[in-house]
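Okay, so here's the structure we're looking at.
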Amino acid sequence: MRVFNMVLFGWPYLPDDAPVGTPGSYPLSNRYFDPVRGNALLQQELDRITLSDELGLDGFTCQEHHGGGGFCAMVPSTHLMAAAVSQRTKQLQVAVTGTCIPLHHPLAIAEEVAMLDHLSNGRFIWGALRGFPTEYLSYNVNPAESQARFREGFSLVLKALSSEGPFDFDGQFYRVRDYNIWPKPLQQPYPKIWMAANSLDSLDFAVKNRTYIATPWVNIERTRSVHETYYRLAHEQGVAIPEDFDDMFASICALYVGESDKKARQEAEAHLEYHFFRALASFDIGTVSLIPGHMSVDGMRDWLKNVTSKDTGKAMGYSVDEGIENGTVILGGPESVIAQIKRQREEGKRGTLLAMFQFGSLPDALATQSLRLFAQEVLPKIRAI
Amino acid sequence: MSIAPQQETLELHGDGAERAAIQFCYHRAGQGPPLVWLHWLWGEPGWMDYHQRLAERFQVYVPDLPGYGQSALPEWAKTPHDLAVLLLQLFDALSLQRPIVVGSCLGGWVGAELALLRPERIAKLVLISPLGLVQDWTKVPNLFYTDPARLPQYLFPDAALEKASVYVPELSNWTDAFINNRNASIRLVFDPYLHSRSLRHHLHLLTTPTLVVWGEQDPLLAPAHAALWTASLPHAHRVMIPGAGHLPYVEDCETVIQAIHTFIPPQERGGA
């Protein structure tokens, strides 16, 4: 099992009266954002990524979200974060999972991917993401075009990354004549690509474009079925699956290691609850899902079904026990954590954990303590899993 | 006189490159001069009392606009102007040489585009709180992202809210067809929101006799928008409907029908 430190930057200082979880609560007013505290969070997180590198974690990743994204997330530009991390680290892979293609010009994405590959000395992994319909509303990009723009933009990014000599591109949304990017990426023809995929449609696209898969916040059964579907589609289409596909098959989780199960729960439970019930609740998924055009009727119903808590009935409103059960949370003393990771691999087919070491309102010191304990007690024992 | 609407589907095969193959579904009833009713943003709930009243004097066609109901929206079509181009194919297929066009909301905008494209093909035009011209789009309620419980208030005045559910069902009653109609609507009018930046500059070319009807209590597009239209169409008539919202024929069917009848004198109508 490989482990990336994934940074979401949830805002831990929401007052009780912040209007989260109410219809239309995205975007949360940025009067709740305190610049001095926000800056401290960013610097602490960068320090923890540097530490993750020293402690031998496999990588770093982050996700693009706008206006807090509904998670009070603080990464509107994954490429800027990746650039910063590339200069502070030596060994770990620098990933983004990923870039909301339709919200940028695909040529700019290709140019930045090439730059990031050089800045990181070939340690960069790019990620392609469609994102949430709210973010399209905010950027005034038609949600009904998000799928078509994503696919066409993805093709243009790949063409720009891999074309030798000036090329032309004639699309519905993007048209290019006689251009090529400079520099080309260090890794040839281009860095590995993770695609945030979950539906049959997006998996088919991933197979056709030879990408690796990073699933969004979904349960263990779902990642297993995604894995199966990818293999089936690749087989049907005669596409060779890369040797490292399973090891790169990635899933998101919140991770906390304490000295014992009891201590871990004492230290982290309230902060996990804050993550699921306060920070994530600033994104009212019910209302967001009703934004027309972004998903098909079936796609919307399927997605909601797979992220809805069986306990609370809320989208992503998991209790801690439910989170452990469905694989979105890894929590406990070292032995329990090892067992949970083993189960993630065996039952969920997960090969790379995109693990949030900081989540919800978890204080900096506890996140760092958990990271150190993880590197010392867990990491050596999960390499062979 | 009993008038039973027929529901029909037409497959238009097109003629190759320029005219698309497309499917249109429509209701038809009544006798008299042809009148095409173009529905509002989220589609017509069915054959309604105002269609019935018009069918007493006209041969009324109520098509599902492309993308709505069973009518297909080709991928290239992205604007109300494109819908007008497609509708002209339907007019040809139905041998509608010079129908009266009555359009509500989105349908009003499409009607104006039709009259701009082919003035000789439209006898008279009735625009019922049409989209297309908006004073300040950031102040117009957001129909695409809001608490669904608030949607009725964006279209109907408080006194008419009990009639809203036919047009905007409660969330638990959203059918796949309704969701599909909303998906079509965002393709057409998302940006610029509910309007066009060029339409205002085209309207001086619109010479078709036009009636503008507006609900005095329209919560979506305030009645001042009626003056935007009549300022661009100096010969247009204007009728304001007291107590009515964005779909004024819901609150006051008779006044709207009377306004249409007054605008289209008996010799231009059919029936007795």
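Chain letters run A, B, ... following the sequence lines, proteins first and then strands; every chain starts at 1.
The two residues B:Asn181 and B:Trp42 come nearest to each other via the heavy atoms ND2-O, 3.2 Å.
Within 6.0 Å of the CD atom in B:Glu162, the count of heavy atoms belonging to other residues, nucleotides or ligands exceeds 12.
Looking at B:Val140 and B:His195, their side chains never come closer than 4.5 Å, going by heavy atoms from C-beta outward.
Between the side chain of A:Thr215 and the backbone N or O of A:Asn198 there is no donor-acceptor pair closer than 3.5 Å.
Among B:Phe144, B:Trp174, B:Phe190, the residue making the largest number of heavy-atom pairs under 4.5 Å with chain A is B:Phe190. Interface summary for chain B: among A:Gln172, A:Glu145, A:His294, the most heavy-atom pairs under 4.5 angstrom belong to A:Gln172.
Only the side chain of B:Leu171 comes within contact range of chain A, with heavy atoms under 4.5 Å apart.
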